2 protein chains.
Amino acid sequence: MSMKNVPDIVVGRLPLYLRALSFLGEEGRQVTSSQELGQKLGISPAQIRKDLSHFGEFGKQGTGYDIKYLSEQLRRILKVTEEREVALVGAGDLGRALIHYEGFAGKGFRIALVFDSNPQKIGQTIGPFEVLDSESIETIVADRGIEMAIVAVPASAAQDVVDALVRAGVRAILNYAPITVKVPAGVQVQYIDPVIHLQKMTYYL
Amino acid sequence: MSMKNVPDIVVGRLPLYLRALSFLGEEGRQVTSSQELGQKLGISPAQIRKDLSHFGEFGKQGTGYDIKYLSEQLRRILKVTEEREVALVGAGDLGRALIHYEGFAGKGFRIALVFDSNPQKIGQTIGPFEVLDSESIETIVADRGIEMAIVAVPASAAQDVVDALVRAGVRAILNYAPITVKVPAGVQVQYIDPVIHLQKMTYYL
DNA sequence: TAGATTGTTAATCGATTAACAATC
DNA sequence: TAGATTGTTAATCGATTAACAATC
């Protein structure tokens with residue numbers, strides 16, 4: 001199904017295209033062009049057309065791209081047409097923020113389980129969730145067939161949590177802990193660390 | 001002061017090197033090598049040496065790098081030897097999580113001001129902060145000479161907040177709102193959006 | 001038709017890697 | 001010394017851009 005050999009960096013831009021298209025759609029727009037998208041995203045029009053050409057032909061010469069159609073195609077390519085269940089580990093401040101975050105809806109994800117290892121938090125109710133014991137990650141996540149997880153625990157706990165998730169069959173992890181974790185081949189990890197982003201910028205100040 | 005023309009992508013890796021060195025230091029280690037760092041970060045040793053060579057010579061043949069010394073040099077290069085004050089806009093769940101986040105300490109940043117536009121939140125105390133009215137961003141941030149900010153408001157409010165920050169003299173913004181914002185040349189923006197990271201990974205599932 | 005914009009090719013540009021002399 | 005690892009060069013690899021025929 002997925003095209004032969006699309007560079008990672010190209011795949012990484014598709015979600016940005018999809019997000020920009022969503023905004024245009026919400027503004028009631030019907031069509032757009034590689035030029036307009038590029039303008040909004042700070043990416044050259046040529047690059048956008050080249051990126052899309054890895055997956056097919058989605059535009060019309062002289063007209064541009066139908067926003068709804070291209071959005072559908074990108075959702076299909078990215079496999080976010082359905083909402084996937086995501087396990088969240090860590091019910092601290094960040095975990096709570098993620099539970100209450102409304103930005104997942106309609107973008108392909110839904111938090112389905114929440115774990116924490118703190119006995120004071122286990123059993124507690126946060127939003128629509130009862131916090132489960134992290135000890136049960138392996139059994140519950142595996143039973144439910146969940147493939148994605150978000151790790152929002154302290155750095156010291158992150159590797160153990162990731163190991164448990166991997167044993168449970170999770171194949172994609174978004175890690176908020178400020179540590180590079182080890183995972184077997186075939187398991188993907190993405191990192192979010194505000195310090196890293198801030199430090200990148202101070203160099204240029 | 002800053003070296004001629006170091007590629008962005010190289011600058012972007014320096015914080016990762018610094019973070020890895022910090023961990024090694026905390027483990028009591030004295031020296032490391034490009035090979036070990038590469039192993040931990042999933043980056044080739046040659047690339048690490050090349051990256052560092054943009055800024056000087058920090059290692060010893062046959063031995064490797066003194067962890068403390070290289071850390072100091074990287075902190076100097078990244079300009080995170082002192083703690084910079086950061087303005088936080090948005091005192092919702094995410095804002096609270098950032099206020100309570102302990103990972104900024106010692107990494108070069110300290111949240112110094114917190115703003116929100118919700119009258120119910122203004123004046124409230126969160127951790128050590130009184131929440132200030134977003135209307136006062138321009139005056140207060142400018143008075144205090146703050147150059148960096150974190151935006152943790154809904155997408156619909158983000159551009160206005162960014163505009164106010166820019167008018168206040170902020171030159172580096174970490175934006176958690178899922179929207180690409182417009183800023184004048186000379187102002188940097190970094191983005192954190194969990195949906196984007198998750199969507200990148202589903203492609204490979 | 002005239003104007004606009006795609007998809008694609010070829011050229012350019014830049015980043016990564018392999019290899020090794022230098023040297024600790 | 002022998003072994004290890006740096007800093008750097010040159011080669012390779014890959015990504016971006018410019019340009020344009022095709023065509024809506």
Side-chain angles (χ1 to χ4, degrees), chain A residues 3-18 20-21 24 29-74 77 200 203-204, chain B residues 2-18 20-21 24 29-74 76-77 200 203-204:
Chain A
M3 311 294 140
K4 46 259 136 130
N5 245 11
V6 181
D8 274 14
I9 198 159
V10 171
V11 174
R13 280 190 292 260
L14 300 185
L16 300 175
Y17 300 162
L18 182 54
L21 289 166
L24 288 169
R29 298 280 306 282
Q30 305 292 325
V31 295
T32 186
S33 63
S34 60
Q35 185 166 39
E36 185 180 42
L37 281 174
Q39 178 86 46
K40 290 201 176 296
L41 293 166
I43 293 175
S44 79
Q47 181 162 82
I48 292 175
R49 296 199 302 276
K50 186 101 212 291
D51 286 354
L52 295 176
S53 76
H54 284 97
F55 304 97
E57 307 188 358
F58 306 114
K60 267 205 190 73
Q61 284 103 324
T63 309
Y65 301 93
D66 181 272
I67 289 171
K68 201 170 154 224
Y69 177 72
L70 183 55
S71 297
E72 280 167 10
Q73 295 304 309
L74 287 174
I77 292 163
K200 274 188 208 182
Y203 175 83
Y204 296 100
Chain B
S2 74
M3 311 295 138
K4 45 260 135 128
N5 245 11
V6 181
D8 275 13
I9 197 157
V10 171
V11 174
R13 279 189 294 259
L14 300 184
L16 300 174
Y17 300 161
L18 181 54
L21 289 166
L24 288 168
R29 297 280 306 281
Q30 305 292 325
V31 295
T32 186
S33 63
S34 60
Q35 185 166 40
E36 184 180 42
L37 280 174
Q39 178 86 48
K40 289 200 175 294
L41 293 168
I43 292 174
S44 81
Q47 181 160 83
I48 292 175
R49 297 199 301 276
K50 186 102 213 289
D51 285 355
L52 295 176
S53 75
H54 284 97
F55 305 96
E57 306 188 358
F58 307 114
K60 268 207 187 73
Q61 284 102 326
T63 308
Y65 301 93
D66 182 273
I67 289 169
K68 201 169 153 225
Y69 176 71
L70 182 56
S71 297
E72 279 166 10
Q73 294 305 307
L74 286 174
R76 177 183 56 75
I77 293 163
K200 275 188 208 182
Y203 176 82
Y204 297 101

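These numbers come from a predicted model, not from an experiment. Below, each value reflects all heavy atoms present in this structure, side chains not excepted, and no hydrogens, waters or symmetry copies.
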Base-pairing mate for [N] - Watson-Crick or G-U, with both contacts under 3.5 Å:
{"N": "C/dC24", "value": "D/dG3"}
{"N": "C/dT8", "value": "D/dA19"}
{"N": "C/dC13", "value": "D/dG14"}

In whole angstroms, how far is the [atom2] atom of [N] from the [atom1] atom of [X]?
{"X": "A/Asp8", "N": "D/dT16", "atom1": "CG", "atom2": "P", "result": "12 Å"}
{"X": "A/Tyr65", "N": "D/dT23", "atom1": "OH", "atom2": "P", "result": "16 Å"}
{"X": "A/Lys50", "N": "C/dT5", "atom1": "NZ", "atom2": "P", "result": "22 Å"}
{"X": "B/Glu57", "N": "C/dA21", "atom1": "CD", "atom2": "C1'", "result": "14 Å"}
{"X": "B/His54", "N": "D/dT8", "atom1": "NE2", "atom2": "P", "result": "11 Å"}
{"X": "B/Ile9", "N": "C/dC13", "atom1": "CD1", "atom2": "C1'", "result": "14 Å"}
{"X": "B/Leu41", "N": "C/dT16", "atom1": "CG", "atom2": "P", "result": "14 Å"}

Is [X] close enough to [N] that one of its side-chain N or O atoms is under 4.0 Å from OP1 or OP2 there?
{"X": "A/Arg49", "N": "D/dA19", "result": "no"}
{"X": "A/Ser34", "N": "C/dT5", "result": "no"}
{"X": "B/Thr63", "N": "D/dT5", "result": "no"}
{"X": "B/Gln47", "N": "C/dT16", "result": "yes"}
{"X": "A/Arg13", "N": "D/dT16", "result": "yes"}

Return the nearest nucleotide to the side chain of B/Gln61; candidates are C/dT6, D/dT5, C/dT16.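 Among C/dT6, D/dT5, C/dT16, the one nearest the side chain of B/Gln61 is D/dT5.
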Base, sugar-phosphate or nothing for B/Pro7? Non-hydrogen atoms, less than 4.0 Å.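 Sugar-phosphate contact only - B/Pro7 comes under 4.0 Å of backbone atoms but never of a base.
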